[in-house]
Structures are given as structure tokens and as C-alpha cells.
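Below, read A as the first sequence line, B as the second, and so on, with proteins coming before strands; counting in each chain starts at 1.
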Amino acid sequence: MTGVRVRGCTVAFGGLRAIDDLTLDIPANAVTALIGPNGSGKSTFVNMVSGQIPPRGGQVLLDTDAVTGLRPDRIVHKGLARTYQVPRVPKELTIDEVISVPLLYARSDRPLPGGARSAADLARYCGLRPEVTTRCGRLSVSDLRRLEIARALACRPRVLLLDESMAGLSLEDTDQVIGLVRDIHASGVTVVVIEHVMRIIARLCSHAIVLNQGRLLAEGPPPQVLTMASVREAYLGKGFTL
Amino acid sequence: MNRSLLTRLGLYAAIAAPSMLLVATDQPFLIQVAIGTLISAILALAWDILSRTGQVSLGHAAFFGIGGYGSALLTPVLGPVLGWAAGILLCGLVAVLLGAVTLRLRRLYFTIATLSFSLSIQVLILVTPGLTGGSTGIMPPVIAGGSPPLQLLFVTGCLVVAAGVSDVFLGRRFRPAFFMIRNNPELAAASGVPVTRLKILAFAVSGMVAGLAGSCYCGLYGYVIPDDVFTTNWNVLPLAVTVLGGMDTTLGPIVGAVVLRLLEELARQAVGGVGYQVVYGAVIILFIVGLPEGLAGLGRVVLRRFRPPGEGTRIKARLAS
Ligand SMILES: Nc1ncnc2c1ncn2[C@@H]1O[C@H](COP(=O)(O)OP(=O)(O)O)[C@@H](O)[C@H]1O
Ligand SMILES: [Mg+2]
């Protein structure tokens, strides 16, 4: 299994450094939480690692493979897949067609998780209940989130980055997705979840990385990290105590 | 083999049948009208293939003209088969170059770039009389010895080829990826799709099919001037035809070409003079506003009414989103 290494990377939007000379390691064989207040650069981190917004300087390594500056589709072939915080799929495509895109284009020898063989298998694996011939324009938000995970899994990733896949889901749906993430991890995929709900992080993740203003604020086992004064301060403001 | 293949073969037969009927019943006027209509249909199919990747062109007259001029000028050198093949390949090559240059342009900027391109190609023809005949035009070898019924059969064959190409790009390998590129290119790339390569592929195929249409057109009468092919008409027509008939389908551009021609004739009969063009334009706009999915979309809605309820939602066709 593979981890991700980031070495001295910066992503700037005009004067704003959304990722600021960041160096960190994401351990293999783990479910890692990537946390931080809104605007701390979590989504930008995913965009950077997946090649959508290449970093200015620095290096991104997938295990020992440098993927810095590669096209996003090449990075997918190398084994990194990501989901989008706000899923935007063409409304006129069906569930089956959306999942079939990475199945056809992200060629690799890695097996699909859960013994899946087709788009329909993957849809079922991710808990999508509507028929695979349903058009995406008719799916609920929680089904769009599941479809986004299924699409990412169809890339046959070694490393999967989930950007707020559970935000806004009901408790029941959240529990299902937690179970799904555990399953994906058990099938040998390194998982990174961006998440705000501490309860979920505590249940799901064995490692946590905290970003603040594009820099690494803290990392370590979730119970320790979540109780650190600096982390609480970043979330809640200076001088706030519980 | 399977049902969808049978459906497709049925569609191609249905496309070819009216032409056969016209040829069999020997209707000289209708045969002339049909030849022109089918050439518009081929050009509209070419335009639609490109638009499926979100690239809305207003410059297809360039490929129409380059294909026509290329085939015409290369046939005396290479013979008819190789001459046409070379003319059409030239369109593909030009399309790849234009596609690479316009790749990063968004929507309207892309469209304006294609329009400017078609204008500059016309100028290029005008300033190279030694090679291209300049404003006096050229004399392309005529198709099928100039016999209209045989020309109609030939153009029908070309339309079936264009329909087959269109269907390949509506198949499982390309349709979902193309729509994803149009709707959300980042998502396509994050799904492993080589976005740039597919956009340029679509451009090349579209340019070649448009070149086929132009080759047919130029081979009809044996005489062509630049104003016949490099005109705004051939830039706008494929868009109007496709939007009228229905985007993202093979049947849409063909139905659209026929209906547009009918509208034109009706307006000419009813209004006459040049005033008919105003009426004809207004009717096209009404159709587009009233039927955002085009006639093919209307057909789907009607079919659904007669079938047990399944999917009831309408998906709006968009020009570029
Ligand atoms: N495409 C962009 N253009 C300009 N600024 C951006 C862009 N994407 C993100 N930002 C800015 O970068 C910072 C980090 O954003 P983001 O990575 O989305 O944060 P998070 O996901 O942690 O909430 C924010 O200040 C945001 O406004
Ligand atoms: Mg975010």
C-alpha cells in the first residue's frame, strides 16, 4: 500500500497562499482525517495532489513515484483518485454511464474493491439504491455523494481522497458511508477523509492531519490532536476554552 | 447481433429509403432539393459531434470549403478516391491544429475564434490565385458524371457514413466521456479521461465529416467560387439545423435539415421575394424557444406518452454548459 508525501509545496491564488510551503506525509495502510477550519486549504490540498492545480515548487510523491506536474488523468492512472465536495455530474448521464467513464479510461491492473466487476456492482457496493439506468439529474444529494465515491472507486485507486463525502447526510446515511469507507480501507486502499464532525473522525480515522491557513498545524492520533490547544484555537478562536 | 445494432441499421435504411424513392420515381426538382438537404445534414452531423464536447463552432464553413477545395484540387493529381481521402484528411489535420490552438478558449471565445478562422481561410483562398484559383474559383471534377439521381445516391451513401460516425461517438466509449468533458472537464480528467486528446479527436472527426460534406457540394456542378463555400451561411446553418432537430443525436441533425428546408420552401411560397427570409428566421427562433430539445426531443416525449411511464423528466439541451 501507498502513502502520499508532500514536500515543500505552495499553491497561491493571487496573493493568497492557500497551501503555504507544506510538507507532510499521509501514512499508508490507514484512514487519515484531514481537518482544519473553513478556508484552511483542505480542498486545495486535494486539487493539488490530484494534479488539478499543480503546486508552485515542491514535490508530490505517491509512494516513491513523483507525480508533481503530471496531468490529472495521468495521476489517476498512477493510482490516486479523489471525490469532489460538490458533485457536478452531467444531468443527462445515467449512474451506469458516469461510473463507466473511469472503468473505460482509468486502465490499470488493480482490482475493484468488494469483488465488483461492473458499474452496477460498484453502484450497489456504494449503496446506490436507484436503478443504474437512472439519470443523475434525478438523484438525491446523498445518492450523488455515493455516486461520486463509486466513480472514484472505478478509477481503481491505491489512494482515495474523499472531500467532505459525509457533509449534510442524515445520521443513517452517514453510518452507511462510514461502513463503506471501512470496507474500502479493508480492501487495501489508503483513504484520506476531509471531515468536520469530530465524532466521525474519532470513529473512523487512525491518524489526523490539521491544516490551518495552508500550513500543517498538528498531526497524530485523533484523540490527541483534537484536544490540542492550538487546534482548538484554530477552530474556535484565540482565548476560547472549553 | 444485438438490438441496438438492429435499431441502427433500421435507422440507416430509413435515412436511405426516401432517396431511393425519389430516384425510382424520377422527380428532378425534388432530387435537387434532396441533394442540398442531405449535404446540410452531413455538415450538421459534423457540427454536432464537436458540440458534444462543449465546443460550439461558428466556423465549419472553413472545413466545408477546405474539404471541397482539397478534394477538387487533389483529384486530378491523385485520382478520385485518393484525392477525396487526401482532401478530407487535410481537413482533419487543419482541425487538429485549430483544435490545439483553441483548446484553452472558453465558450464564446472559442466560438469567436472558429468564426475568425473561417474568415481568414476565405482570405487565404483569395490571396493565392495561383494555387486555389482566387476569386475566380475552380472547376472540380463532377460526381457521378453530373447525373442528379446518381449524385443523390452517392450523397445518401455519404450521409449514412456520417450517421455511422456520429453513432460511434454516441456509443458507450465516447458519449459519457464527451458529455463529462462538456459539463465538467475537471471531473472527466479526475476520471482518467485524457480531456485534451478527446477534444482534439472530436475536432478532427468533425472537421473530416464537414470536409466530406464540402467535397460532395463542390462536386455537384463542376464550378465553385470561394463565396459558394466560405460563407456565413455554412457557418450558421449546421448550428440552426442541429438545434432545430435536436442536439446530441444522429437523427436530430438529419430531421433538422429536412424540416429547415421545408420551412424555407413554405416561407418562400407564402411570402415570396426576400421577405421570406425574415419569416423563415422568425419561425426557426420560435422552434428553438418552444422546443429546447429539438424535434428529436419532441419525438422522445411523444413516444414516452404512448409507453408505460418510465422517465418523465425533460433534460434541457444546452448550447454550451
Ligand atoms: N480557485 C480558487 N481561486 C481563488 N481562491 C481560491 C480558489 N480555491 C480556493 N481558494 C481560496 O483558498 C483558500 C482555501 O480554500 P479551500 O481549499 O477550499 O478551503 P477548505 O476546503 O479547507 O475549506 C480559501 O481562502 C479560498 O477562498
Ligand atoms: Mg473544502
Side-chain angles (χ1 to χ4, degrees), chain A residues 43 46-47 49-53 70-84 86-108 119 130-131 133-139 144 147-148 150-157 160-161 163, chain B residues 4 48 51-54 103-104 168-201 246-249 252 292-294 296-297 300-301 304 307-321:
Chain A
S43 295
V46 175
N47 288 338
V49 170
S50 65
Q52 188 176 319
I53 306 177
L70 287 188
R71 274 190 347 237
D73 55 299
R74 300 292 312 150
I75 294 179
V76 169
H77 298 309
K78 295 261 185 196
L80 185 131
R82 55 84 54 96
T83 64
Y84 281 88
V86 183
R88 257 190 333 111
V89 283
K91 288 197 289 285
E92 62 267 53
L93 291 183
T94 64
I95 291 176
D96 175 64
E97 285 173 322
V98 168
I99 302 175
S100 76
V101 170
L103 282 183
L104 279 166
Y105 286 90
R107 292 229 152 261
S108 104
E131 290 283 315
T133 51
T134 310
R135 293 184 188 212
C136 297
R138 310 184 66 209
L139 294 180
L144 283 173
L147 174 61
E148 194 39 19
R151 184 198 58 73
L153 286 178
C155 298
R156 303 167 191 269
L160 175 65
L161 309 179
D163 195 352
Chain B
S4 79
D48 191 56
S51 91
R52 292 169 202 164
T53 59
L103 203 61
R104 295 190 187 289
V168 166
F169 287 92
L170 285 174
R172 198 170 164 74
R173 172 132 205 118
F174 293 108
R175 192 184 104 103
F178 275 18
F179 286 8
M180 214 180 253
I181 289 171
R182 172 167 76 186
N183 181 271
N184 189 346
E186 283 87 19
L187 186 71
S191 305
V193 175
V195 173
T196 301
R197 213 180 299 164
L198 283 201
K199 280 172 90 168
I200 290 182
L201 173 70
M247 296 170 69
D248 307 332
T249 59
E293 285 181 73
R300 275 197 299 272
V301 171
R304 240 176 260 148
R307 276 187 195 155
E311 288 189 53
T313 44
R314 283 167 57 106
I315 286 101
K316 269 200 163 187
R318 298 123 316 143
L319 272 181
S321 62

Peer 1: Is the closest side-chain heavy-atom distance between B:Asn183 and A:Val89 below 4.5 Å?
Peer 2: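 The answer is no; the side chains never approach within 4.5 Å.
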
Peer 1: Of the non-hydrogen atoms in A:Ile95 and A:Glu131, which two are nearest, and what is the gap between them?
Peer 2: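 Looks like CD1-O, 3.5 Å.
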
Peer 1: Answer yes or no: is there a side-chain heavy-atom contact under 4.5 Å between A:Val101 and B:Val193?
Peer 2: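 Touching, per the 4.5 Å side-chain cut-off.
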
Peer 1: When heavy-atom pairs shorter than 4.5 Å are enumerated against chain B, which of A:Pro90, A:Pro102, A:Pro72 gives the highest number?
Peer 2: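 Ranked by contacts with chain B, first place is A:Pro90.
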
Peer 1: Side chain from CB out, backbone as N, CA, C, O: work out which of these in B:Ile181 comes under 4.5 Å of a heavy atom of chain A, or both, or neither.
Peer 2: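 Looking at B:Ile181, nothing touches chain A.
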
Peer 1: Could you have a look at A:His77, A:Arg151, A:Arg82 and say which one has the most heavy-atom pairs with chain B under 4.5 angstrom?
Peer 2: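 Result: the option with the highest number of such pairs is A:Arg151.
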
Peer 1: Give, as side chain, backbone, both or neither, the part of A:Arg88 having an atom under 4.5 angstrom from any heavy atom of chain B.
Peer 2: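 Both backbone and side chain.
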
Peer 1: Checking salt bridge (Lys or Arg N to Asp or Glu O under 4.0 Å) between B:Asp248 and each of B:Arg182, B:Arg300, B:Arg175, which is the one that passes?
Peer 2: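 So the option named by the test is B:Arg182.
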
Peer 1: Taking A:Ala154, A:Ala152, A:Ser100 one by one, which has the highest count of heavy-atom pairs under 4.5 Å against chain B?
Peer 2: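 Most heavy-atom pairs under 4.5 Å with chain B: A:Ser100.
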
Peer 1: Answer whether the closest heavy-atom distance between the side chains of B:Pro194 and A:Arg71 falls below 4.5 Å.
Peer 2: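 Heavy-atom side-chain distance check passes, below 4.5 Å.
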
Peer 1: Give, as side chain, backbone, both or neither, the part of B:Phe178 having an atom under 4.5 angstrom from any heavy atom of chain A.
Peer 2: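 Neither; nothing under 4.5 Å.
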
